[in-house]
*Asks:* 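Pasting a structure below so you can have a look.
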Amino acid sequence: MSEQTAQEGTSRGGAGQERRVVVVGAGMAGVQTAVALREQGFTGTVTLIGAEPHQPYDRPPLSKAVLLGTSEGSAFDVDFDSLDIELRLGCEALGVRPADHELDTESGPVPYDVLVLATGAEPVRLPGTEGVPGVHLLRTLDDAERLRPVLARQHDIVVVGAGWIGAEFATAAREAGCAVTVVEAADRPLAGALPAEVAAPMTAWYADSGTDLRTHARVERVEPGGVVLDDGSRLPADAVVVGIGARPATGWLAGSGIELGAHGEVVADDHLRTSAGDVYAVGDCASFPSARYGTRLLVHHWDNALQGPRTVAANILGEHAAVYDPVPYFWSEQFGRFVQYAGHHAAADRMIWRGDPTGPAWSVCWLRDNRLVALLAVGRPRDLAQGRRLIESAHPLNPQSLSNPTLPLKSAVTTT
Ligand code: FAD
């Protein structure tokens with residue numbers, strides 16, 4: 001079937017009419033979906049609707065260069081006009097009526113033939129702190145712009161949460177000369193992401209940078225000029241930055257009939273289709289089943305918002321059903337280290353160390369049936385690059401060779 005015929009065959013508009021694709025959410029996943037549609041030859045209309053008023057931008061620089069003022073912004077280098085992508089910014093979607101193929105927005109209903117949900121995630125707030133002056137989140141360009149002068153004034157800052165965002169923010173704040181205390185309810189940083197043995201060496205990174213990390217510590221309340229912990233102690237704070245996680249931004253889908261999962265995420269299938277006809281979901285707002293890992297994945301990282309859209313675009317064009325089953329990947333820049341992770345591990349997977357975790361460069365591999373399923377690399381980008389390919393190929397590996405950091409990772413492939 002030719003592409004033209006395939007498009008017409010699935011068009012609600014009938015033969016000869018161009019389909020209308022509407023993408024909700026103008027972050028990485030939404031922008032990439034619109035661009036991928038054009039790259040893959042889609043000729044119908046593409047409308048990209050985003051709640052934020054700003055030209056679409058990339059988020060990772062917000063906790064790095066944008067925060068420190070070494071980069072003004074991080075707008076995507078995409079010429080929407082020349083790609084014939086209609087941008088509707090500062091326009092929030094309020095609901096979807098799949099039976100009518102209509103999206104409801106602040107500025108009225110928008111009909112679609114195909115809808116793509118790419119509304120990302122929103123940060124979890126610390127209870128009782130909404131609207132409290134001096135309490136910040138770090139998700140949007142506006143958040144980063146509000147925080148930039150806080151850093152420049154070299155204030156006392158309390159960061160709540162020693163996750164990825166907390167660590168990156170603390171890094172920038174220390175670099176700017178602020179006094180930083182990180183308060184973490186768990187016994188270690190990154191407790192939700194990494195096992196205790198792997199997170200243990202990271203604890204030292206905080207101290208080395210002059211950041212005071214308080215574990216087993218919960219915030220009781222925030223008051224003017226300070227934070228009171230549940231043990232009664234009070235930390236001085238000119239500003240409080242909350243980094244305790246993010247949840248899919250899907251509240252607006254309530255009542256639409258589109259299936260949401262336990263974390264509020266849109267439940268997509270392996271083609272990134274939702275439970276409603278002609279509606280796809282991609283990026284931080286959606287989970288998908290991974291045959292590779294035998295579980296459903298909800299990934300809140302940049303690479304997923306880059307790769308998923310290509311699958312969505314291919315499935316909208318519809319000549320071949322494209323399955324989405326990536327090796328997830330992310331990176332973090334914290335305390336002078338480049339931390340990268342590829343794959344997905346479970347508690348039962350066998351852990352193999354490569355190198356000394358108290359040193360500047362080391363990796364950890366996770367094996368299942370002697371095949372690599374995940375890898376964390378600190379300052380070893382070559383391990384990451386080779387590991388990613390080994391996860392994809394699922395070659396059996398020799399654990400002993402793998403544990404020798406002087407040997408290239410790929411040399412652990414067994415030939416028998
Ligand atoms: P988002 O980027 O959240 O975009 C969704 C967009 O949809 C938003 O602009 C939102 O306003 C809009 N929207 C929401 N609801 C509606 C609605 N109802 N109507 C219209 N529009 C709506 N990942 C890494 O791998 N490495 C990093 O170093 C890294 N650093 C990060 C640093 C920061 C500060 C943050 C916040 C994230 C970082 N990430 C990083 C994660 C990465 O940026 C995200 O995974 C990625 O942005 C997800 O893209 P998305 O398009 O799915 O969602």
Side-chain angles (χ1 to χ4, degrees), residues 22-35 47-67 74-76 87-96 103-107 110 115-124 136-145 147 161 163-169 171-172 193 241-243 245-254 256 264-266 268 272 280-287 298-309 312 328-334 337-342 384:
V22 174
V23 182
V24 195
M28 180 72 182
V31 167
Q32 291 299 326
T33 301
V35 170
T47 306
L48 181 57
I49 296 178
E52 294 184 67
H54 308 289
Q55 196 65 14
Y57 62 89
D58 207 10
R59 275 175 221 285
L62 298 186
S63 51
K64 308 168 183 85
V66 173
L67 205 52
S74 55
F76 292 117
L87 267 185
R88 294 195 199 168
L89 300 174
C91 176
E92 193 176 341
L94 305 174
V96 192
L103 177 76
D104 290 312
T105 76
E106 284 179 321
S107 39
V110 180
L115 181 67
V116 181
L117 309 175
T119 48
E122 51 204 8
V124 175
H136 299 260
L137 300 166
L138 180 50
R139 179 78 197 178
T140 65
L141 184 57
D142 289 341
D143 293 335
E145 282 178 351
L147 278 164
W164 302 110
I165 295 287
E168 292 205 354
F169 177 82
T171 302
V241 177
V242 178
R247 63 166 71 101
T250 56
W252 66 284
L253 291 170
S256 67
E265 83 283 9
V266 180
L272 298 179
Y280 292 81
V282 67
D284 280 12
C285 73
S287 69
L298 172 58
V299 179
H300 278 187
H301 297 298
W302 187 91
D303 192 62
N304 178 55
L306 170 70
Q307 309 289 351
V312 171
Y329 164 71
F330 68 87
W331 78 96
S332 171
E333 292 159 55
Q334 47 178 285
R337 269 106 175 158
F338 190 43
V339 181
Q340 296 169 286
Y341 179 97
L384 193 284

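Indexing begins at 1, ligand by ligand and atom by atom, following the structure's order.
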*Asks:* Below 4.0 angstrom from a heavy atom of Cys91, which ligand 1 atoms are there? Numbered from 1 as shown, please.
*Replies:*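 Counting from 1, the qualifying ligand atoms are 20 (C).
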*Asks:* In chain order, what residues pass the salt bridge (charged side-chain N to carboxylate O under 4.0 Å, His left out) check against Glu168, with sequence neighbours excluded?
*Replies:*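 Result, salt bridge (charged side-chain N to carboxylate O under 4.0 Å, His left out) vs Glu168: Lys64.
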*Asks:* Among all protein heavy atoms, pick out the one at the shortest distance from atom 52 (O) of ligand 1; state its residue, atom name and that distance to 0.1 Å.
*Replies:*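 Here the closest protein heavy atom is Asp284 N, 2.9 Å.
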*Asks:* With a 4.0 Å cut-off on heavy atoms, is Ala246 touching ligand 1?
*Replies:*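 In this structure, Ala246 fails to qualify as a contact of ligand 1 - no heavy atom is under 4.0 Å.
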*Asks:* We want to know whether Gln307 and Tyr329 form a side-chain donor-acceptor pair, criterion being a heavy-atom distance below 3.5 angstrom.
*Replies:*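 Judged by distance alone, the side chains do not pair up.
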*Asks:* Among protein heavy atoms, which sits nearest to atom 14 (C) of ligand 1, and what does the distance come to when rounded to 0.1 Å?
*Replies:*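 Answer, as residue, atom name and distance: Thr119 O, 3.2 Å.
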*Asks:* Run the side-chain contact (heavy atoms from CB on, under 4.5 Å) check on Glu52 and Tyr57 step by step: do they pass?
*Replies:* CA-CA 10 Å; Glu52 294 184 67; Tyr57 62 89; 2.5 Å; yes
*Asks:* Report yes if the side chains of Pro56 and Leu89 come closer than 4.5 Å at any heavy-atom pair, otherwise no.
*Replies:*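 Answer yes - side chains close enough.
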*Asks:* In terms of residue, atom name and distance, what is the protein heavy atom nearest to atom 40 (C) of ligand 1?
*Replies:*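 Answer, as residue, atom name and distance: Pro60 CG, 3.9 Å.
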*Asks:* Can Met28 and Leu306 be said to form a side-chain contact (heavy atoms from CB on, under 4.5 Å), step by step?
*Replies:* CA-CA 7 Å; Met28 180 72 182; Leu306 170 70; 3.8 Å; yes
*Asks:* Counting both backbone and side chain atoms, is some N or O of Arg139 under 3.5 Å from an N or O of ligand 1?
*Replies:*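 Yes, Arg139 has an N/O under 3.5 Å of an N/O on ligand 1.
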*Asks:* Out of Pro248, Ala305, Ser63, Ala281, who gets a non-hydrogen atom closest to atom 32 (C) of ligand 1?
*Replies:*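 Minimum heavy-atom distance to atom 32 (C) of ligand 1 goes to Ser63.
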*Asks:* Identify which of Val339, Ile165, Leu253 has a heavy atom lying nearest to atom 34 (C) of ligand 1.
*Replies:*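 It is Ile165 whose heavy atom sits nearest to atom 34 (C) of ligand 1.
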*Asks:* For Gly283, is at least one N or O under 3.5 Å away from an N or O on ligand 1?
*Replies:*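 No: no nitrogen or oxygen of Gly283 is under 3.5 Å from one in ligand 1.
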*Asks:* What is the closest protein heavy atom to atom 51 (O) of ligand 1, and at what distance does it sit?
*Replies:*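 Ranked first by proximity to atom 51 (O) of ligand 1 is Ala29 N, 2.8 Å.
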*Asks:* Say whether, by atom type as modelled, one donor and one acceptor occur between the side chain of Glu92 and the main chain of Glu106 under 3.5 angstrom.
*Replies:*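 Judged by distance alone, no pair lies under 3.5 Å.
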*Asks:* Atom 53 (O) of ligand 1: which protein heavy atom is closest, and how many Å away?
*Replies:*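 I find the closest protein heavy atom is Gly120 CA, 3.1 Å.
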*Asks:* Does ligand 1 have an atom that lies less than 4.0 angstrom from a heavy atom of Lys64?
*Replies:*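 Yes, Lys64 has a heavy atom closer than 4.0 Å to ligand 1.
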*Asks:* With atoms numbered from 1 as shown, which atoms in ligand 1 lie under 4.0 angstrom from a non-hydrogen atom of Phe330?
*Replies:*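 Near Phe330, the atoms of ligand 1 are 25 (O).
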*Asks:* Under 4.0 Å, heavy-atom basis, I'd like to know which part of Ala118 is in contact with ligand 1: side chain, backbone, both or neither.
*Replies:*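 Answer for Ala118: backbone.
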*Asks:* Just jot down the ligand 1 atoms closer than 4.0 angstrom to any heavy atom of His300, in number order.
*Replies:*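 Listed by number with element, the hits are 41 (C), 45 (O).
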*Asks:* Indicate yes or no: does an N/O atom of Ala93 lie under 3.5 Å from an N/O atom of ligand 1?
*Replies:*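 By distance alone, the answer is yes.
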*Asks:* Which residue holds the protein heavy atom closest to atom 10 (C) of ligand 1, what is that atom called, and what is the gap in Å?
*Replies:*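 Closest protein heavy atom to atom 10 (C) of ligand 1: Glu52 OE2, 3.9 Å.
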*Asks:* Counting N and O atoms only, with roles assigned by atom type, does the side chain of Ser332 sit under 3.5 Å from a partner on the main chain of Val339, one being a donor and the other an acceptor?
*Replies:*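 Side chain of Ser332 to backbone of Val339: no pair is present.
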*Asks:* Check ring pair (Phe, Tyr, Trp, His ring centres under 6.0 Å) between Trp302 and all other residues, then give those that pass, not counting sequence neighbours.
*Replies:*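 Expected list: Trp331.
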*Asks:* Identify, by atom number and element, the atoms of ligand 1 in contact range of Gly27, meaning under 4.0 Å from any of its heavy atoms.
*Replies:*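 Contacts of ligand 1 toward Gly27, numbered from 1: 4 (O), 6 (C), 51 (O).
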*Asks:* Test Leu147 against every option in Val66, Leu67, Leu62 by the side chain to side chain contact (heavy atoms under 4.5 Å, CB included) rule and name the one that passes.
*Replies:*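 It is Leu67; the other options fail the test.
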*Asks:* With heavy-atom distances below 4.5 Å as the criterion, would you say the side chains of Pro248 and Val266 are in contact?
*Replies:*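 No - every pair of side-chain heavy atoms lies 4.5 Å or more apart.
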*Asks:* Under 4.5 Å between any side-chain heavy atoms of Gln55 and Leu87, yes or no?
*Replies:*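 Side chain of Gln55 against side chain of Leu87, heavy atoms only: contact under 4.5 Å found.
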*Asks:* From atom 27 (C) of ligand 1, work out which of Trp302, Trp331, Phe169 has a heavy atom at the shortest distance.
*Replies:*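 Comparing heavy atoms across Trp302, Trp331, Phe169, the nearest one to atom 27 (C) of ligand 1 lies in Trp331.
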*Asks:* Would you mind telling me if ligand 1 is within reach of the side chain of Ala121, the backbone, both or neither, using heavy atoms under 4.0 Å?
*Replies:*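 The answer is the backbone.
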*Asks:* Return the orientation label for the Trp164 and Phe330 ring planes: parallel under 30°, perpendicular over 60°, tilted otherwise.
*Replies:*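 Answer is perpendicular, since the angle exceeds 60°.
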*Asks:* What residue and atom, counting heavy atoms only, is the protein's closest point to atom 20 (C) of ligand 1, and at what distance?
*Replies:*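 Here the nearest protein heavy atom works out to Ala51 N, 3.3 Å.
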*Asks:* Please determine whether a side-chain nitrogen of the Lys or Arg among Asp284 and Arg139 lies less than 4.0 Å from a carboxylate oxygen of the Asp or Glu.
*Replies:*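 Salt bridge present between Asp284 and Arg139.
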*Asks:* In terms of residue, atom name and distance, what is the protein heavy atom nearest to atom 1 (P) of ligand 1?
*Replies:*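 Result: Arg59 NE, 3.4 Å.
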